[in-house]
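Here is the structure we will look at, set down as structure tokens.
Every chain is numbered from 1 and lettered A, B, ... according to where its sequence line falls, protein lines coming before strand lines.
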Amino acid sequence: MSRVMIKNLGSFIGKKVKVSGWLYSRTSKGKLIFLLIRDGTALVQAIVSRQMLSEEQFNLADKLTQESSLELIGVVREDKRAVGGYEIEVESLRVFQICENYPISPKKHGVEFLLSLQHLWIRSQHISSVLKIRAEIISAARNFLNSRGFYQVDTPILTPFACEGTSTLFEVEYFGEPAYLAQSGQLYNEATCMALGKVYTFGPTFRAEKSRTRRHLMEFWMLEPEMAFVEQEENMVIQEELIYYIVSEVLRNCSNELAILKRDISLLKKVQTPFPRLTYSQVVEILREKGFDIKWGDDFGAPHETAISSLYEKPVFITHYPASIKAFYMQPDFNNPELALCADLIASEGYGEIIGGSQRIHDYDLLKKKITEHHLPIEAYQWYLDLRKYGSVPHSGFGLGLERTVCWICGLSHIRETIAFPRMLDKIYP
RNA sequence: UGCUCGGUAGCUCAAUGGUAGAGCAGGCGGCUGUUAACCGUCUGGUUGCAGGUUCAAGUCCUGCCCGAGCAGCCA
């Protein structure tokens with residue numbers, strides 16, 4: 001008999017099926033035992049009654065503990081009393097292992113305890129649901145970009161230089177020379193998009209900052225599209241279309257997971273294009289009216305982003321930051337070189353920045369001047385300057401922080417729940 | 001790195017300076033419709049570590065360790 005995944009049981013009503021999984025919980029009424037089984041796709045209740053099974057099999061079912069691994073055969077039937085609406089009347093049972101003393105009970109636990117058992121915590125309904133939504137977000141983003149003619153190009157993790165200064169990078173030894181773990185694939189993508197037109201990198205990035213907040217991880221995944229012949233306006237339109245597509249795909253394909261997470265999907269349904277746009281200068285003015293002590297030229301902190309986010313029910317772009325507080329490669333506004341042609345996308349509901357993007361400088365002399373002004377080693381950027389020497393074109397791109405996006409769409413309170421094994425300050429086990 | 005809060009049974013927590021407790025998990029017994037079942041019963045402790053005050057410290061004081069929240073930092 002072939003195995004049926006639990007989420008598909010609805011198509012097998014009245015039929016005999018085989019289900020394999022782990023025991024999520026068990027309750028017994030003496031001669032009637034209720035087993036709640038998980039197989040990674042969903043939960044189903046299985047009924048074991050003394051009438052249906054041999055004495056030996058019944059006693060085996062009675063001994064099952066949380067997370068014991070098993071396989072059972074039985075008939076599927078609809079029953080409103082059961083979780084998910086279906087249940088299986090067990091006819092035979094095979095146990096792979098009786099699990100002893102599983103440490104995580106289905107009660108509430110503290111964060112420290114759960115993090116020390118991360119390899120088991122991921123089995124919980126909560127974390128499993130987040131990981132499924134994460135997979136859907138990645139899948140949707142890839143579908144979106146692939147269907148629009150982007151090529152995925154993988155850029156190196158081991159890099160010879162810092163993108164902008166070395167203080168935030170993890171240093172490793174590369175055959176006796178210092179090397180650094182990538183904090184972005186963008187500069188390489190500027191090269192690959194001159195080869196392939198439209199590209200994206202999706203991979204891990206690393207920051208050695210001593211950040212200890214609910215928004216930071218030391219290792220996180222970033223989606224970084226880069227497009228030749230695309231200027232900032234078109235760049236922003238692609239960003240909002242991408243975010244809209246991701247959210248609508250999650251709503252379409254992950255309703256069970258969103259329900260388990262108790263996510264208010266009416267808020268996600270409001271994420272429709274176009275997204276509101278504010279300039280940096282407008283934001284400073286709004287913040288000052290709200291009583292924040294901030295002046296033109298200061299960068300925004302988390303409380304500022306939250307305040308702006310609360311103005312709208314959709315993500316909001318903040319554009320035209322002062323060039324002085326942004327990266328060296330950003331194209332200055334052609335009308336006002338004090339400003340950069342850039343935008344940060346602030347997620348709704350106070351979740352903060354999920355995208356940072358900009359048009360890149362394509363003029364050789366201007367880029368060289370910026371590198372010098374930022375006191376960056378010009379030798380390290382020779383190859384990057386070459387891109388402006390040989391057939392330079394206007395180009396733009398952005399970086400989407402995957403975990404922050406997952407955090408927002410799932411409505412979580414902490415980014416550590418968005419990745420199977422979070423790397424946090426002073427915490428790298430397991 | 002700074003500020004704040006915390007560390008008591010496997011877990012979640014309680015305990016006026018005066019006998020360290022409950023619920024859950026686990027063991028045993030009961031129950032044919034449970035949803036974090038229920039009922040009975042049993043097991044379970046170096047109160048983070050070190051020192052100090054006191055007749056007496058989980059509780060007060062000092063130092064340290066660990067964690068959490070917030071901020072800073074942060075393409």
Side-chain angles (χ1 to χ4, degrees), chain A residues 24-36 43-52 58 62-63 65-67 77 79-85 87 89 98-117 120-121 125 162-165 167-169 182-187 189-190 205-218 220 222-224 226 299-306 321 323 325-330 340 342-345 352-358 360 374 397-401 404 413-416 424-427:
Chain A
Y24 199 74
S25 69
R26 176 178 68 93
T27 175
S28 166
K29 284 285 292 179
K31 296 189 180 69
L32 187 65
I33 302 168
F34 298 89
L35 304 175
L36 198 57
L43 288 176
V44 69
Q45 173 168 288
I47 310 296
V48 178
S49 68
R50 189 149 257 173
Q51 299 161 345
M52 297 289 294
F58 184 85
D62 203 34
K63 278 196 307 193
T65 52
Q66 190 187 354
E67 289 302 311
R77 64 183 181 209
D79 193 314
K80 284 183 186 141
R81 293 170 294 187
V83 174
E87 64 182 23
E89 186 151 22
I98 300 283
C99 172
E100 286 182 29
N101 299 321
Y102 188 68
I104 306 178
S105 69
K107 309 294 178 190
K108 73 172 181 181
H109 297 285
V111 170
E112 184 181 1
F113 174 73
L114 291 170
L115 286 175
S116 73
L117 295 168
L120 302 177
W121 189 23
Q125 285 261 278
C163 189
E164 302 168 61
S167 60
T168 65
L169 300 187
Q183 67 169 0
S184 166
Q186 181 204 313
L187 300 191
N189 263 343
E190 290 185 57
T205 50
F206 306 88
R207 302 271 167 87
E209 279 132 20
K210 302 262 182 190
S211 299
R212 225 180 73 84
T213 80
R214 60 175 71 195
R215 298 179 308 279
H216 290 86
L217 292 170
M218 305 302 112
F220 64 97
M222 201 150 57
L223 179 76
E224 297 180 284
E226 194 73 27
D299 205 352
F300 301 136
H304 305 125
E305 289 182 354
T306 303
Y321 281 74
I325 57 172
K326 286 291 181 182
F328 75 94
Y329 50 72
M330 289 188 181
C342 67
D344 286 351
L345 185 66
E353 180 187 346
I354 53 171
I355 288 181
S358 73
R360 327 300 193 188
H374 281 76
F398 60 96
L400 178 146
R404 286 184 178 181
S413 58
H414 203 295
I415 200 166
R416 65 184 162 223
M424 296 182 295
L425 192 59
D426 299 325
K427 182 164 290 190

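Taking CZ of A:R81 as the start and CD1 of A:I47 as the end, the distance is 8.0 Å to the nearest 0.5 Å. Taking CG from A:L120 and CD1 from A:I104, the interatomic distance works out to 5.0 Å, rounded to the nearest 0.5 Å. Summarising the geometry, atom CD belonging to A:E224 is positioned 10.5 Å from atom CD belonging to A:E190; distances are rounded to the nearest 0.5 Å. Interatomic distance, A:L35 CG to A:E87 CD, rounded to the nearest 0.5 Å: 11.5 Å. If you take NE2 on A:H109 and OG on A:S116, they are separated by 10.5 Å, rounding to the nearest 0.5 Å. Going from atom CD of A:E89 over to atom CE of A:M52 covers 4.5 Å, rounded to the nearest 0.5 Å.
When the P atom is compared between B:C28 and B:G67, the two are found 38 Å apart, to the nearest whole Å. One C1' atom belongs to B:A68, the other to B:U12, and the distance between them is 16 Å to the nearest Å. Here the separation of B:A50 from B:G2, taken at their C1' atoms, is 26 Å to the nearest Å. Between the P atoms of B:G48 and B:A57, the separation comes to 15 Å (whole Å). On the C1' atoms, B:C60 is 8 Å away from B:G17, given to the nearest whole Å. Spacing between B:U43 and B:A22 at atom C1', rounded to whole Å, works out to 15 Å. For B:U8 and B:U59, the C1' atoms lie 11 Å apart once the distance is rounded to whole Å. Here the separation of B:G44 from B:G26, taken at their C1' atoms, is 9 Å to the nearest Å.
With B:G72, B:G33, B:A37 as the choices, the nucleotide that has an atom nearest any side-chain atom of A:T27 turns out to be B:A37. Taking every side-chain heavy atom of A:P303 into account, B:A71 is the closest of B:G33, B:U12, B:A71. Here the nucleotide nearest the side chain of A:S211, chosen from B:G72, B:G33, B:C70, is B:G72. The nucleotide whose nearest atom lies closest to any side-chain atom of A:K427 is, among B:C11, B:G72, B:G67, B:G67. When distances run from any side-chain atom of A:Q51 to the nucleotides B:U12, B:U32, B:G33, the shortest one goes to B:U32. Comparing B:G33, B:C31, B:G69 by their nearest atom to the side chain of A:R416 picks out B:G69. Of the candidate nucleotides B:C70, B:U34, B:A68, B:U34 has the atom lying nearest to any side-chain atom of A:Q45.
Spacing between atom CD1 of A:I33 and atom P of B:U34 amounts to 16 Å, rounded to whole angstrom units. Counting to the nearest Å, the C1' atom of B:C73 and the NZ atom of A:K210 are 12 Å from each other. Taking atom NZ of A:K63 as the reference point, atom C1' of B:G26 lies 16 Å away to the nearest angstrom. Rounded to an integer number of Å, the gap from CG of A:L43 to C1' of B:A36 is 14 Å. As rounded to whole Å, 10 Å separates atom P of B:C31 from atom NZ of A:K29. Counting to the nearest Å, the P atom of B:G23 and the NZ atom of A:K108 are 16 Å from each other. Rounded to an integer number of Å, the gap from A:L35 CG to B:A36 C1' is 17 Å.
RNA chain B is contacted by both A:T213 and A:E224; A:T213 maps to the nucleotide lying nearer its 5′ end (nearest heavy atom per residue). Mapping A:R50 and A:R207 onto RNA chain B by nearest heavy atom places A:R50 at the nucleotide closer to the 5' end.
Under 3.5 Å, the side chain of A:H216 and the base of B:C74 form at least one donor-acceptor pair of N or O atoms. Residue A:S105 places no side-chain atom within donor-acceptor reach of the base of B:C11, judged by atom type and a 3.5 Å distance cut-off alone. Residue-to-nucleotide contacts include no donor-acceptor pair under 3.5 Å from the side chain of A:E112 to the base of B:G6. The base of B:G33 is paired with the side chain of A:R77 by a donor and an acceptor separated by under 3.5 Å. Side-chain atoms of A:R212 come within donor-acceptor range of the base of B:A68, with a qualifying N/O pair under 3.5 Å.
With hydrogens and angles ignored, the 3.5 Å screen pairs no side-chain donor or acceptor of A:R50 with any backbone N or O of A:F58.
Using a 4.0 Å cut-off, no side-chain N or O of A:R81 falls inside it from OP1 or OP2 of B:U35. Note on A:H414: a side-chain N or O is less than 4.0 Å away from OP1 or OP2 of B:G69.
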*Just do the side chain to side chain donor-acceptor pair (under 3.5 Å) check on A:T205 and A:R207 with the steps written out, would you?*
CA-CA 7 Å; A:T205 50; A:R207 302 271 167 87; 5.2 Å; no

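In secondary-structure terms, RNA chain B builds stems of at least 3 consecutive Watson-Crick or G-U pairs, each pair having both distances under 3.5 Å, at B:1-7 with B:65-71, B:10-13 with B:21-24, B:26-30 with B:38-42, B:48-52 with B:60-64.
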